[in-house]
Amino acid sequence: MDWNLLGVALLLTLSGLYFLESERNRAPLQELPVRVLTPARTALERAWMTEPVQVFMRQLLSARHRRSNLWLMDKGRF
């Protein structure tokens, strides 16, 4: 293993963490009112809170099925 490469990777990681910490300390503290933080009302909102990746993939697949049949990926012709 190249020690120079490891040193550069470590330096970049530490400088990135330092930058994130300094930005977090400089950011203003936000106090959100309680009415903004309402619980999920619909089944879709509850699903989004618990499984966002699965909900996104389902929405992506439903949009693909609604698309025109002229799209080449649907016919297997790439």
Straight-line distance of L60 CG to M57 CE, nearest 0.5 Å: 5.5 Å
Within-4.5 Å side-chain heavy-atom neighbours: L10 and L14: yes
Derivation of the side chain to side chain contact (heavy atoms under 4.5 Å, CB included) call for Q59 and L44: CA-CA 11 Å; Q59 289 174 345; L44 181 62; 4.1 Å; yes
Side chain E45, main chain R41, donor-acceptor under 3.5 Å: yes
F19 CZ to R24 CZ distance, which is reported to the nearest 0.5 Å: 13.5 Å
